[in-house]
J.: 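Below are the structure tokens for one structure; questions will follow.
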Amino acid sequence: MMMTEAGMKLVTPPWRWRRWRGGCVESGRAVRAACVAAAVVLAVVVLSYYARWGGDRDDLPTSLFTTQGSEGATSANLTDDQLLGGLLTAAFSPQSCRSRYEFAGYHKRKPPHKPSPYLVAKLRSHEALQKRCGPGTAPYDKALRQLKSGDGAAAADGDDDCRYLVSISYNRGLGNRIIAIVSAFLYAVLTERALLVAPYNGDVAALFCEPFPGTTWLLPDGGRRFPLRHLRDLDGKSKESLGALLESNGIVSVAAGVNGSTSSSWSGRPPPPYVYLHLDGGADYHDKLFYCDEQQRLLRGVPWLLMKTDSYLVPGLFLVPSLRGELERMFPEKDAVFHHLSRYLLHPANAVWHAITAYHRDHLAGAGHLVGIQIRVYHEETPPVSQVVLDQVLSCARREKLIPFPTAGTTTNTSSSDQAVLVTSLSSWYYEKIRDELGGGGGGVHQPSHEGLQRMGDTAHDMRALSEMYLLSTCDALLTTGFSTFGYVAQGLAGLRPWIMPRRPWWEKEAATAVPDPPCARVATPEPCFHSPSYYECAARWNYDDIGKVVPYVRRCEDVSWGIQLVNGSSQSQW
């Protein structure tokens, strides 16, 4: 049992303490790494339980946090750097969410991008909408009553009525859930809808602070009292989905002009009270008609939209003509969309932030140059421990001179460099081999955790994963694994173009036996790849000849040949 400062008893969490205790009786570097890791995870457990059951987040003891120049800060004296160039509002208490105003202090590099004044204005406007329409307000209660009654048309009447987008978090990895929430938020801003998140096993509240002042972005009671109880069960076969409505003639199209354009309607009926948007990797042709102007006009009159995705939809939104102009005004630098939105929206909760800052202070703060290596091995492709993957990492690091290796004829790295390496992987084997390869010189090789397996729905596992994403984002250079949304989040937060290691398709025999040539390349953009875009050109009524040439800033991804991503017009990859 443990005690918090409030005197509340906490049961010992279901952790494998024995493994850490065993590590603490070893010698040398292992004892320090194991004991610090155990202390950091213990802090996460204590603080997360305290934050959830022991009172308001403001009550968390300030002595537990490592800060970077913001101790004693108030909303009245926050700097432009802390506010991320105006991206953040000063309406919050700094103590209620430490990461919100401290995160900028953990980056030695000058921010590569500043938000546009138009984006800042849109965010302030959206905050006001969230506060006016959020849970507990009269418009929200009215919208709920209309949803329960099945009255869709009434909710579109009147200037005071609010419309909503519910982002349904479900059984996917944390990286997928993060890019999904960011995508839903941008679509909510574009369509002037209040965003509500239906969390997966309480994940959002445990991982992130509230992003909007004076309101909540969480669906009350985790959605348990929401009129639509079947949110988790919605899928591509659901009759309420946009795709199903289009396929079953619940939506009809009629000719609207001599140029062949059409206009859709609800088959002569009022709009339904809600429509489900099935936009995950399994979305079909009808689901993806969401990216057509015709359907976007139709959806404006629907009071509630329910979105389920595991993808980064943003490049697809730029291909919708009616949304493109607004997006271009908000983001003149197209390769900074995720960078701005994630740093505005996603602030690690105090418990997670303590783990991040404690590990950074004890292992990384003294490094003059920090290199992050993110290794993701998919079990259907190769064993969890793969010599080919290790060889690819080392080959890339040597080829690109990312990290200092021992000189020929020696086994020890005698470099006086203060460069450090941060390794994130589910396995400790890669960390140990890289550490041995480097010979212990410079600032050392570090790995915060090694979970063995990805655990869906395990909040403690997600806390550690989120900590590692943010630690990677503090690095000066990144080497990441292609196709991995974990790596996408880290590079997007950092605003860094990483070196990405391509992954061979698992069905190719060479995937398990040969290192790709080249082993890696510096990609053109920090933006995540959209893995499942629509290839249908709505106006022309046929597929794009080349989706990567529709607009100059949307190109095919380097790591996923069928995906698309945002780049700046002058960006060039080294592929």
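Reckoned from all heavy atoms, side chains included, excluding hydrogens, waters and symmetry mates. Counting begins at 1 with the first residue of the sequence.
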J.: Roughly how far, to the nearest 0.5 Å, is the OG atom of Ser532 from the CG atom of Asp287?
T.: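 Reported value, rounded in 0.5 Å steps: 10.5 Å.
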
J.: Check for a donor-acceptor pair, side chain of Glu328 on one end and backbone N or O of Leu323 on the other, with a separation under 3.5 Å.
T.: no

J.: Can you tell me if Gln447 uses its side chain to pair, donor with acceptor, with the backbone of Ser425 under 3.5 Å?
T.: yes

J.: I need the minimum non-hydrogen distance between Leu426 and His461, along with the two atoms involved.
T.: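 Looking at all heavy atoms of both residues, the closest pair is CD2-CE1, 4.3 Å.
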
J.: Could you tell me whether Arg172 and Asp280 make a salt bridge, using a distance below 4.0 angstrom between a side-chain N and a carboxylate O?
T.: yes

J.: Is the cationic atom of Arg329 (NZ for Lys, CZ for Arg) positioned less than 6.0 Å from the six-membered ring centroid of Tyr118 and within 45 degrees of its normal?
T.: yes

J.: Tell me, with the steps shown, if Tyr344 and Phe185 meet ring pair (Phe, Tyr, Trp, His ring centres under 6.0 Å).
T.: CA-CA 11 Å; Tyr344 168 80; Phe185 171 65; 5.6 Å; yes

J.: Could you tell me whether the side chain of Cys475 reaches within less than 4.5 Å of the side chain of Leu422, counting heavy atoms only?
T.: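 Heavy-atom side-chain distance check passes, below 4.5 Å.
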
J.: State, yes or no, whether a side-chain contact exists between Leu119 and Leu87 at a heavy-atom distance under 4.5 Å.
T.: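 Result yes, sub-4.5 Å side-chain heavy-atom pair found.
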
J.: Can any side-chain N or O of Ser473 pair as donor or acceptor with the backbone N or O of Tyr470 at less than 3.5 Å?
T.: yes

J.: Just do the side chain to side chain donor-acceptor pair (under 3.5 Å) check on Tyr488 and Asn176 with the steps written out, would you?
T.: CA-CA 10 Å; Tyr488 291 165; Asn176 293 89; over 6 Å; no

J.: Between Tyr312 and Phe338, does the ring centroid distance fall short of 6.0 Å?
T.: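 Yes, close enough.
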
J.: NZ of Lys433: more than 12 outside heavy atoms within 6.0 angstrom?
T.: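 Result for NZ/Lys433: open.
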
J.: Going through the checks in order, is the side chain to side chain contact (heavy atoms under 4.5 Å, CB included) test met by Leu471 and His360?
T.: CA-CA 7 Å; Leu471 285 169; His360 190 277; 4.0 Å; yes

J.: Out of curiosity, Gln392 CD to Met501 CE, how far, rounded to the nearest 0.5 Å?
T.: 5.5 Å

J.: Validate the cation-pi geometry between Arg435 and Tyr431: distance from NZ or CZ to the six-membered ring centre under 6.0 Å, angle to the ring axis within 45°.
T.: yes

J.: Do any N or O atoms from the side chain of His339 and from the backbone of Leu493 form a donor-acceptor pair under 3.5 angstrom?
T.: yes

J.: Leu186 versus Leu327: any side-chain heavy-atom pair under 4.5 Å?
T.: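 SC-SC contact between Leu186 and Leu327 confirmed.
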
J.: With the side chain counted from C-beta on, respond yes when Trp499 and Val523 share a heavy-atom pair under 4.5 Å apart, and no when they do not.
T.: no

J.: Please list, chain by chain and in numerical order, all residues satisfying salt bridge (Lys or Arg N to Asp or Glu O under 4.0 Å) with Lys288, sequence neighbours excluded.
T.: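 For Lys288 there are no salt bridge (Lys or Arg N to Asp or Glu O under 4.0 Å) partners, ignoring immediate neighbours.
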
J.: Taking all non-hydrogen atoms of both residues into account, name the closest pair between Ile375 and Val389 and its distance.
T.: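 For Ile375 and Val389, the tightest heavy-atom pair comes out as CG2-CG1, 3.8 Å.
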
J.: Can you name the nearest heavy-atom pair linking Leu279 to Thr309, along with the distance?
T.: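 The answer is O-OG1, 2.8 Å.
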
J.: On a heavy-atom basis, which atom in Val371 and which in Leu402 lie closest, and how many Å separate them?
T.: CG2-O, 3.4 Å

J.: For Leu174 and Met469, what are the C-alpha separation, side-chain angles and deciding distance, and is it a side chain to side chain contact (heavy atoms under 4.5 Å, CB included)?
T.: CA-CA 10 Å; Leu174 181 60; Met469 290 176 187; 4.1 Å; yes

J.: Main chain of Asn568, side chain of Glu333: is a donor-acceptor contact present, judged purely on distance under 3.5 Å?
T.: no

J.: Apply the test side chain to side chain contact (heavy atoms under 4.5 Å, CB included) to residues Val489 and Ser342: give CA-CA distance (whole Å), side-chain angles for both, the deciding distance (0.1 Å), then the verdict.
T.: CA-CA 8 Å; Val489 172; Ser342 60; over 6 Å; no

J.: Treating Thr525 as the side-chain partner and Val567 as the backbone partner, does any N or O pair qualify as donor plus acceptor under 3.5 Å?
T.: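 No.
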
J.: Apply the test side chain to side chain contact (heavy atoms under 4.5 Å, CB included) to residues Leu190 and Leu317: give CA-CA distance (whole Å), side-chain angles for both, the deciding distance (0.1 Å), then the verdict.
T.: CA-CA 10 Å; Leu190 289 169; Leu317 298 179; 4.2 Å; yes

J.: Would you find a donor on one side and an acceptor on the other, under 3.5 Å apart, between the side chain of Ser427 and the backbone of Trp429?
T.: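 Answer holds: yes.
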
J.: For Arg398 and Glu437, run salt bridge (charged side-chain N to carboxylate O under 4.0 Å, His left out): C-alpha distance rounded to whole Å, both residues' side-chain angles, the deciding distance at 0.1 Å, then the answer.
T.: CA-CA 11 Å; Arg398 286 193 178 94; Glu437 190 76 21; 2.4 Å; yes

J.: Just wondering, do Leu466 and Met463 contact through their side chains at under 4.5 Å, heavy atoms?
T.: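 A side-chain contact under 4.5 Å is absent here.
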
J.: Mind telling me whether Phe483 and His531 have parallel, tilted or perpendicular rings, with 30° and 60° as the class edges?
T.: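 Rings of His531 and Phe483: parallel, under 30°.
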
J.: Taking only Lys NZ, Arg NE, NH1 and NH2, and the carboxylate oxygens of Asp or Glu, determine whether Lys114 and Asp80 approach each other closer than 4.0 Å.
T.: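 Answer for the salt bridge query: yes.
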
J.: How far apart are the closest heavy atoms of Ser183 and Leu313, and which atoms are they?
T.: OG-N, 3.0 Å

J.: Taking only Lys NZ, Arg NE, NH1 and NH2, and the carboxylate oxygens of Asp or Glu, determine whether Glu400 and Arg522 approach each other closer than 4.0 Å.
T.: no

J.: State whether a side-chain donor-acceptor pair under 3.5 Å links Tyr200 with Asp462.
T.: no

J.: Test salt bridge (charged side-chain N to carboxylate O under 4.0 Å, His left out) on Asp203 and Arg177; report intermediate values, then the result.
T.: CA-CA 10 Å; Asp203 59 341; Arg177 302 202 307 272; 2.9 Å; yes

J.: Determine whether a donor-acceptor pair (N or O, by modelled atom type, separation under 3.5 Å) exists between the side chain of His107 and the backbone of Phe103.
T.: yes

J.: Does the side chain of Gln374 reach to within under 4.5 Å of the side chain of Ser484, using non-hydrogen atoms?
T.: yes

J.: Run the ring-centre check on Tyr187 versus Phe290 and record whether the distance is less than 6.0 Å.
T.: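 Centroid separation for Tyr187 and Phe290: below 6.0 Å.
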
J.: Ignoring hydrogens, what is the shortest heavy-atom contact between Gly85 and Val120? Give both atom names and the distance.
T.: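 So the minimum-distance heavy-atom pair works out to O-CG2, 4.5 Å.
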
J.: Any idea how Phe331 and His340 line up, ring-wise: parallel (<30°), tilted (30 to 60°), or perpendicular (>60°)?
T.: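 Answer is parallel, since the angle falls under 30°.
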
J.: Report yes if the side chains of Val423 and Val445 come closer than 4.5 Å at any heavy-atom pair, otherwise no.
T.: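 Yes, close enough: below the 4.5 Å cut-off.
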
J.: Just to verify, what does Leu496 make a side chain to side chain contact (heavy atoms under 4.5 Å, CB included) with, not counting sequence neighbours?
T.: Arg109, Leu478, Ala494

J.: Quick one: does Thr480's side chain have a donor or acceptor within less than 3.5 Å of a partner on Gly487's backbone?
T.: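 No, because the side chain of Thr480 does not come within donor-acceptor range (under 3.5 Å) of the backbone of Gly487.
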
J.: Is a side-chain N or O of Arg399 found less than 3.5 angstrom from the main chain of Pro518, in a donor-acceptor match?
T.: no

J.: Pick from Tyr359, Trp353, Tyr101: which one makes a ring pair (Phe, Tyr, Trp, His ring centres under 6.0 Å) with Tyr106?
T.: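 Considering Tyr359, Trp353, Tyr101, a ring pair (Phe, Tyr, Trp, His ring centres under 6.0 Å) with Tyr106 is found only for Trp353.
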
J.: Does this structure show an ion pair linking Glu210 with Arg100, if we count only N-O contacts that are shorter than 4.0 Å?
T.: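 No.
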
J.: Do Leu123 and Pro115 have side chains that get closer than 4.5 Å, going by heavy atoms?
T.: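 Of all side-chain heavy-atom pairs linking Pro115 with Leu123, none is under 4.5 Å.
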
